[in-house]
2 protein chains.
Amino acid sequence: MKKIQKPTDAELEILQILWRDGPSTVRSVNEFLNEKREVGYTTTLKLMQIMTEKSLVDRDTSARTHVYRALVEEGDVQKGLLKKVINTAFHGSASNLIMQALGDHRASAEELRAIKDLIREIETKSK
Amino acid sequence: MKKIQKPTDAELEILQILWRDGPSTVRSVNEFLNEKREVGYTTTLKLMQIMTEKSLVDRDTSARTHVYRALVEEGDVQKGLLKKVINTAFHGSASNLIMQALGDHRASAEELRAIKDLIREIETKSK
DNA sequence: TCATTTTTACGAAAGTCTTCGTAGAAAGGT
DNA sequence: ACCTTTCTACGAAGACTTTCGTAAAAATGA
């Protein structure tokens, strides 16, 4: 069980880009961030340097322009954030959270089917 | 659609106690907090004063010892936190989150049944 | 009555997160 | 060669969160 350092909000935004695009430069990441909101180049740089220290990302410094890549997997980060919300807001009960999410969310028939399939699979395996 | 100010971690801990016990004094809340970890009385007091300003709680100041009560509902706060996590970590897809929660969580047969019932209900209603 | 305890109010320190300015090195263009 | 652009490094400001010390008022009780 690996212990992942939880990314902050700004860090998570950067990770999303690295997960989507693979290894990227600061410039590239910054440009994508700027599609949503204005962020200074050095702000992004600083964040990515901090993320390197936290071992959230890794970088190739062989060329002048460093290339960063995610060191943590998206699913693991999702799991960590989910666990925290479950523990702090849902009394530690994942079902509680699922019920709330299902209740609030307008799920499509297809989504519901996927969820049902997963439940069926879990039921089968636990036999 | 009411816009609820999102509670911080420490504020959420206090809300949990108010939701569980109903209107409470600072002393009482602080004692419950201290069952988990050491927290100074004035720390709790200050937090609850801040929460009053944020309209997360309300207080009855008619007696010397003020009595605080939650002004936001647990479900609404859960919804807000869930929405944030869905948007920042799950690409805006509640189903994504549900799948992750279901996959990671060792759900009991009973929990699975409750979830299936809810799905069935949603399917019925949407017809 | 007078010391002790309980309570609120307030300010500020310490920690974290986000932001950016400045400096200096490296690369590129003319 | 030299000016401009691009890049990294670093420090620090500003915002937010959590923590608590101190002061003053109110209640308690001996």
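Letters A, B, ... are given to chains in the order of the sequence lines, protein chains preceding strands, and every chain is numbered from 1.
The shortest side-chain heavy-atom distance between Asp60(B) and Pro23(B) does not fall under the 4.5 Å cut-off.
Between Gln49(A) and dA9(D) there is a side-chain N or O to OP1 or OP2 distance below 4.0 Å. Residue Thr43(A) has no polar side-chain atom (N or O) positioned under 4.0 Å from OP1 or OP2 of dT18(C). Checking the phosphate oxygens (OP1, OP2) of dG21(C), no side-chain nitrogen or oxygen of Thr42(A) falls inside 4.0 Å. For the pair Tyr41(B) and dT8(C), the criterion of a side-chain N or O lying under 4.0 Å from OP1 or OP2 is met.
One interatomic measurement links the two molecules: CD of Gln5(A) to C1' of dT16(C), which rounds to 12 Å at whole-angstrom precision. What separates CD of Glu31(B) from C1' of dT6(C) is a distance of 12 Å, to the nearest Å. Distance Arg37(B) CZ to dT19(D) C1': 10 Å, rounded to the nearest Å. Atom-to-atom, NZ of Lys46(A) to C1' of dC7(D) comes out at 15 Å; the value is rounded to the nearest Å. Rounded to an integer number of Å, the gap from Glu38(A) CD to dT18(C) C1' is 15 Å. Atom-to-atom, CE of Met48(A) to P of dC20(C) comes out at 16 Å; the value is rounded to the nearest Å. Atom CG of Leu33(A) is separated from atom C1' of dC20(C) by 15 Å (rounded to the nearest Å). In this structure, CG of Leu47(B) is placed 8 Å from C1' of dT17(D), rounded to the nearest angstrom.
Using a 4.0 Å cutoff on non-hydrogen atoms, the parts of residues 51-65 of chain A near DNA chain C are Arg64(A), ordered by number. Taken residue by residue, residues 6-24 of chain B places no heavy atom nearer than 4.0 Å to DNA chain C.
For the pair Met51(B) and Glu11(B), the tightest heavy-atom approach, listed with the atom from each and the gap, is CE-O, 3.4 Å.
When each of Leu15(B), Asp21(B), Ile14(B) is paired with Ile17(B), the side chain to side chain contact (heavy atoms under 4.5 Å, CB included) condition holds for Asp21(B) and for no other. Among the candidates Thr44(A), Thr42(A), Thr43(A), the single residue satisfying the side-chain hydrogen bond (donor to acceptor under 3.5 Å, both in side chains) test with Asn30(A) is Thr44(A).
With hydrogens and angles disregarded, no donor-acceptor distance shorter than 3.5 Å links the side chain of Gln78(B) to the backbone of Leu97(A). Of the possible polar contacts, none joining the Thr88(A) side chain to the Ile86(A) backbone as a donor-acceptor pair under 3.5 Å is found.
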Applying side-chain contact (heavy atoms from CB on, under 4.5 Å), run through Leu82(B) and Phe90(A) and close with a yes or a no. CA-CA 10 Å; Leu82(B) 211 41; Phe90(A) 289 88; 4.0 Å; yes

Chi angles and distances behind the side-chain contact (heavy atoms from CB on, under 4.5 Å) call for Leu12(A), Leu81(A): CA-CA 11 Å; Leu12(A) 184 53; Leu81(A) 294 173; 3.9 Å; yes

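Heavy atoms from other residues, nucleotides or ligands lying under 6.0 Å from CZ of Arg20(B) number more than 12.
Listed nucleotides: dT18(D), dT18(C), dG11(D). Nearest to the side chain of Ile50(A): dT18(C). The side chain of Leu45(B) approaches dT8(C) more closely than any other nucleotide in the set dC20(D), dT19(C), dT8(C).
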